[in-house]
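For reference, the structure is listed below as structure tokens.
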Amino acid sequence: MESNRAVKPLPIAFAALVHQAVRSAQADGSLPEFAIPELKIEPPKRPEHGDYASAVALQVQKLAGKPPMQIAEIVRAHLPSAPFLGSAEIAPPGFLNFRLDRAWLAAQLDHIIAAGERVFQQDDGAGKRAQVEYVSANPTGPLSVHRIRGGVIGDTIANLLEALGYSVTREYYYNNAGQQMNVLGASVRARYLEMLGLPNEFPENGYRGQYIRMIAATLAAIYGDSLRDAPVERFRDLASESIFYRIKNSMRRVNIVHDVFFLENSLYDDGSVAETIAALRERGYAYEQDGALWFRSTALGDEKDRVIVKRNGEPTYRLPDMAYHRNKLERGFDLIVDVFGADHAATAPQVLLGVKALGYDPSCVRTVIHQMVELIEGGEARRMSTRRGDFVELDELLDDVGADAVRYFMLAQSPNTAMSFDLDLARAQGDENPVYRIQNAHVRCAGILRRTAERGMSDEGADLSLLGDDELAFVKKMLETPEVISRAVTEIQPQAIAVFALDLAGMFHPIYDRVRVISEQEDIPAPLAAARLRFYKAAKVVFARLLKLMGMSAPETMERRAKPEPSEQEPSAAEPESA
RNA sequence: GUGCCUGUAGCUCAGUGGAUAGAGCGCUUGCCUACGGAGCAAGAUGUCGGGGGUUCGAAUCCCUCCAGGCACGCCA
């Protein structure tokens, strides 16, 4: 079926045409022989420069030894025909500007509608398996806003990979071993004993957040004082279970659902950690010094060697991390994406050196480092430390601005950009949110479909040649989706999809305002109404797809979020009790 | 001090070596008893941090300086 074919980005199709034209010009001697460079074809900024443009003549002017304008003319004369190619013009200083064929463009609406929720599905990744690891927060406290940025980035990359045809495993590395978990257990035990009025000692580096007291209170409610002599490990397990449950809930609220929770424990249980040590030793990458075991990472270019087993016999985080990455590579993924925050940026290369030392090729691993999320509240930056218990929880933010807004804002900025998330602004955002601009485009399409259905109108027999320039320009823009998706993945710049969706919505709203399907004041002939209806049907499909890729909802109707009425009413009972 | 990231409109930020640098918000002015107005139209706003270089062409690549963030643990 034509409509089910995988969509190739148009720049690739145009590049093939230009490549072919240059080759045939070389074959008949119009151009000298030279290696054709990589051809970059993209939509120009200005509409008068066509729909797609190539600077090939400028690129090869030295190789060809002719003036660019002349080269452009030669290339144009040798262009093969293609169904999508309308016209090609040359423009100084040597650009080749293409226009898409109008009939072809209009016909794409049918392909879009036929493809439905799989619209713009590509096949680059067909038959390939990808693994994306993200969030991977220790279950020592509620999910922070910073962590969820990585979560949104990772989850969106996973969505985009699926759109490229990959089979994707979404994974969370669950760090349930190690010293931090014991500190958590000790912190909860201390609060529990305190609550029972028993003597206790709060650990020096303990977790001081309010949630620790809440867990302790829950334990006291369930178990009474029967845990008074229970070991730290018992508290550790109960606490991490409770926290992890909560983390999962928070993630679900922003549509993050993992396929695999990989337990750090299991690497000890199945001997992977021990094997990793043995393999490193055997290969000469491990040595003992000062009572600790060191990884000779300098042999692979690191600036200094790293401890992998501490003097007290406990492994550092690096060792299980290496074992985990070895495990990932063993599973035979074609692509592995690790999403880390900037605070963990330095360790990623070390882990990759580790797997290299173990004899694996980590070239299929892509590491995404996202910069910090700085929270600003009351004009002041808030530090986020789980240990001090001074952070803003994801749940709190979700209650304020909603899941869709959190997804969008976390996505809309490049991972490389340190994000200032002004909490007051986010809370006040409400109606002015760009999120609504995008969702409203979908809602408006849905509204048209609803209204026309009520009137028994249909798009049957639509004559798509009746569509105007604005609608066709919008179709052209929609057709950029595949290239946006593939670029967002290959360059690991998932914000491209968010920016694109906002652009598309910006193009949509004026059209909606002018190009009507139903009107009481204007007589719209049935064939024209049918063509327009089909246009909006297709637009709805594309907006739904984009929203889904971003992990956002695609509402059929807009419901105004309940706006808090700050004045008039008393602060109310929501005020927390001082403990 | 070293490494990584960043510096673009009043604010938050996009920007793929190409043509006259963009969006949202905010601001100004005007529309709107029409498919849910959370809308539409028009407008103002820029030493792309500074300086050198490469190139036919640089916000984009290289060097350097300035400013900010993160990391430099036998924490994770």
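Just so we're on the same page: letters track the sequence lines, and every chain starts at 1.
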Checklist entry - Under the ring pair (Phe, Tyr, Trp, His ring centres under 6.0 Å) test, which residues partner A:Tyr285, sequence neighbours left out? => result none
Checklist entry - Just to confirm, is there a sub-4.0 Å distance from OP1 or OP2 of B:rC75 to any side-chain nitrogen or oxygen of A:Thr347? => result no
Checklist entry - Does the side-chain ring of A:His49 lie flat on the base of B:rA19, meaning centres under 5.5 Å and planes less than 30 degrees apart? => result yes
Would you mind writing out the side-chain donor-acceptor pairs for residues 402-411 of chain A within the sub-3.5 Å range, not counting sequence neighbours?
{"unit_1": "A:Asp404", "atom_1": "OD1", "unit_2": "A:Ser553", "atom_2": "N", "d": "3.0"}
{"unit_1": "A:Asp404", "atom_1": "OD2", "unit_2": "A:Gln439", "atom_2": "NE2", "d": "2.8"}
{"unit_1": "A:Asp404", "atom_1": "OD2", "unit_2": "A:Ser553", "atom_2": "OG", "d": "2.6"}
{"unit_1": "A:Arg407", "atom_1": "NE", "unit_2": "A:Met550", "atom_2": "O", "d": "3.0"}
{"unit_1": "A:Arg407", "atom_1": "NH1", "unit_2": "A:Asp155", "atom_2": "OD2", "d": "2.9"}
{"unit_1": "A:Arg407", "atom_1": "NH1", "unit_2": "A:Val254", "atom_2": "O", "d": "2.8"}
{"unit_1": "A:Arg407", "atom_1": "NH2", "unit_2": "A:Asp155", "atom_2": "OD2", "d": "3.1"}
{"unit_1": "A:Arg407", "atom_1": "NH2", "unit_2": "A:Thr156", "atom_2": "OG1", "d": "3.2"}
{"unit_1": "A:Arg407", "atom_1": "NH2", "unit_2": "A:Met550", "atom_2": "O", "d": "3.3"}
{"unit_1": "A:Tyr408", "atom_1": "OH", "unit_2": "A:Ala498", "atom_2": "O", "d": "3.2"}

Checklist entry - So with a 6.0 Å cut-off around CD of A:Glu204, is the heavy-atom count from everything else above 12? => result no
Item to check | Any A:Arg444 side-chain N or O less than 4.0 Å from OP1/OP2 of B:rC35 | outcome: no
Next on the checklist: Between B:rG50 and B:rA67, how far apart are the two C1' atoms, rounded to whole Å?
Outcome noted: 11 Å
Checklist entry - On a whole-Å scale, what distance lies between the C1' atoms belonging to B:rU20 and B:rA59? => result 15 Å
Next on the checklist: Tell me which residues in residues 495-503 of chain A lie within less than 4.0 Å of RNA chain B, going by non-hydrogen atoms.
Outcome noted: A:Gln495, A:Val499, A:Leu502
Checklist entry - With distance as the sole criterion, is a donor-acceptor pair present between the side chains of A:Glu171 and A:Tyr324 under 3.5 Å? => result yes
Checklist entry - At under 4.0 Å between heavy atoms, what does A:Thr316 touch on the DNA or RNA strands: base, sugar-phosphate, or nothing? => result sugar-phosphate
Checklist entry - How far does the P atom of B:rG51 sit from the matching atom of B:rG39, given to the nearest Å? => result 41 Å
Checklist entry - Partners of A:Ser240 by side chain to side chain donor-acceptor pair (under 3.5 Å), sequence neighbours excluded? => result none
Identify every side-chain donor-acceptor pair in residues 535-542 of chain A under 3.5 Å, counting partners at least two apart or on other chains, and give the distances.
{"unit_1": "A:Tyr536", "atom_1": "OH", "unit_2": "A:Ile511", "atom_2": "O", "d": "3.4"}
{"unit_1": "A:Tyr536", "atom_1": "OH", "unit_2": "A:Val515", "atom_2": "O", "d": "2.6"}
{"unit_1": "A:Lys537", "atom_1": "NZ", "unit_2": "A:Asp459", "atom_2": "OD1", "d": "3.4"}
{"unit_1": "A:Lys537", "atom_1": "NZ", "unit_2": "A:Asp459", "atom_2": "OD2", "d": "3.4"}
{"unit_1": "A:Lys540", "atom_1": "NZ", "unit_2": "A:Glu556", "atom_2": "OE2", "d": "3.2"}

Item to check | Per-nucleotide pairing state of RNA chain B [Watson-Crick or G-U, under 3.5 Å; [ ] pseudoknot-crossing; | other strand] | outcome: (((((((..((((....[...)))).(((((.......))))).....(((((..]....))))))))))))....
Item to check | Residue pairs fulfilling side-chain hydrogen bond (donor to acceptor under 3.5 Å, both in side chains) with at least one residue in residues 499-516 of chain A, sequence neighbours excluded | outcome: A:Arg444-A:His509, A:Asp470-A:Arg514
Checklist entry - Does any N or O donor sit under 3.5 Å from an N or O acceptor when you compare the side chain of A:Asn97 with the base of B:rA19? => result yes
Item to check | hbond_proxy A:Tyr436 side chain to B:rA38 base (donor-acceptor, 3.5 Å cutoff) | outcome: no
Checklist entry - Taking only N and O in the side chain of A:Gln180, is any of them less than 4.0 Å away from OP1 or OP2 of B:rA76? => result no
Checklist entry - Quantified in whole Å, what is the P atom distance between nucleotide B:rG17 and nucleotide B:rC62? => result 12 Å
Next on the checklist: Let's see if you get this right: which residues in residues 54-67 of chain A place a heavy atom under 4.0 Å from RNA chain B?
Outcome noted: A:Ala55, A:Leu58, A:Gln59, A:Gln61, A:Lys62
Checklist entry - How close or far is atom P of B:rU16 from atom CD1 of A:Ile12, stated in whole angstroms? => result 17 Å
Checklist entry - By side chain to side chain donor-acceptor pair (under 3.5 Å), which residues pair with A:Asp51, not counting sequence neighbours? => result A:Lys476
Item to check | Spacing between A:Lys304 atom NZ and B:rC74 atom C1', to the nearest angstrom | outcome: 11 Å
Checklist entry - When the nearest nucleotide of RNA chain B is assigned to A:Ile41 and to A:Ile369 on a heavy-atom basis, which residue is associated with the more 5' position? => result A:Ile369
Checklist entry - Going by the salt bridge (Lys or Arg N to Asp or Glu O under 4.0 Å) test, which pairs reach into residues 61-73 of chain A, not counting sequence neighbours? => result A:Glu73-A:Arg76
Next on the checklist: What's the gap between B:rA38 and B:rC5 when it is taken at their C1' atoms, as a whole Å value?
Outcome noted: 36 Å
Checklist entry - A:Phe244 vs A:Tyr172 aromatic rings, parallel, tilted or perpendicular, using cut-offs 30° and 60°? => result perpendicular
Next on the checklist: Between A:Asp305 and A:Thr298, do the side chains contain a donor N or O and an acceptor N or O under 3.5 Å apart?
Outcome noted: yes
Checklist entry - For A:Met69 and B:rC56, what is the distance between atoms CE and C1' respectively, to the nearest whole Å? => result 14 Å
Next on the checklist: Between B:rG10 and B:rA44, how far apart are the two C1' atoms, rounded to whole Å?
Outcome noted: 12 Å
Checklist entry - If you take atom types as modelled and just measure distance, does the side chain of A:His344 reach the base of B:rA76 with a donor-acceptor pair under 3.5 Å? => result yes
Checklist entry - Looking for any heavy atom pair under 4.0 Å, which part of the strands does A:Arg306 touch: base, sugar-phosphate only, or nothing? => result nothing
Item to check | Base of B:rA19 and ring of A:Phe95 stacked, centres under 5.5 Å, planes under 30° | outcome: yes
Checklist entry - Given the P atoms of B:rG7 and B:rU45, what is the spacing between them in whole Å? => result 24 Å
Checklist outcome for this item: With sequence neighbours left out, the residues meeting side chain to side chain donor-acceptor pair (under 3.5 Å) with A:Ser187 are none
Item to check | Pair A:Glu314-A:Lys310, salt bridge (Lys or Arg N to Asp or Glu O under 4.0 Å): steps then yes or no | outcome: CA-CA 5 Å; A:Glu314 282 176 19; A:Lys310 296 183 250 179; 3.5 Å; yes
Next on the checklist: Counting only side-chain nitrogens and oxygens, does A:Arg451 get under 4.0 Å of the OP1 or OP2 atom of B:rG36?
Outcome noted: yes
Checklist entry - How long is the line joining NE2 of A:His442 and P of B:rG36, in whole Å? => result 15 Å
Using a cutoff of under 3.5 Å, can you pull out all pairs of nitrogen or oxygen atoms linking the protein to nucleotides 59-61 of chain B, with atom names and distances?
none

Item to check | Heavy-atom donor-acceptor pair, A:Arg516 side-chain to B:rA34 base, under 3.5 Å | outcome: yes
Checklist entry - A:Asn138 side chain N/O closer than 4.0 Å to the phosphate oxygens (OP1, OP2) of B:rA76? => result no
Checklist entry - Taking the same atom, P, in B:rU16 and in B:rA71, what whole-Å distance lies between them? => result 28 Å
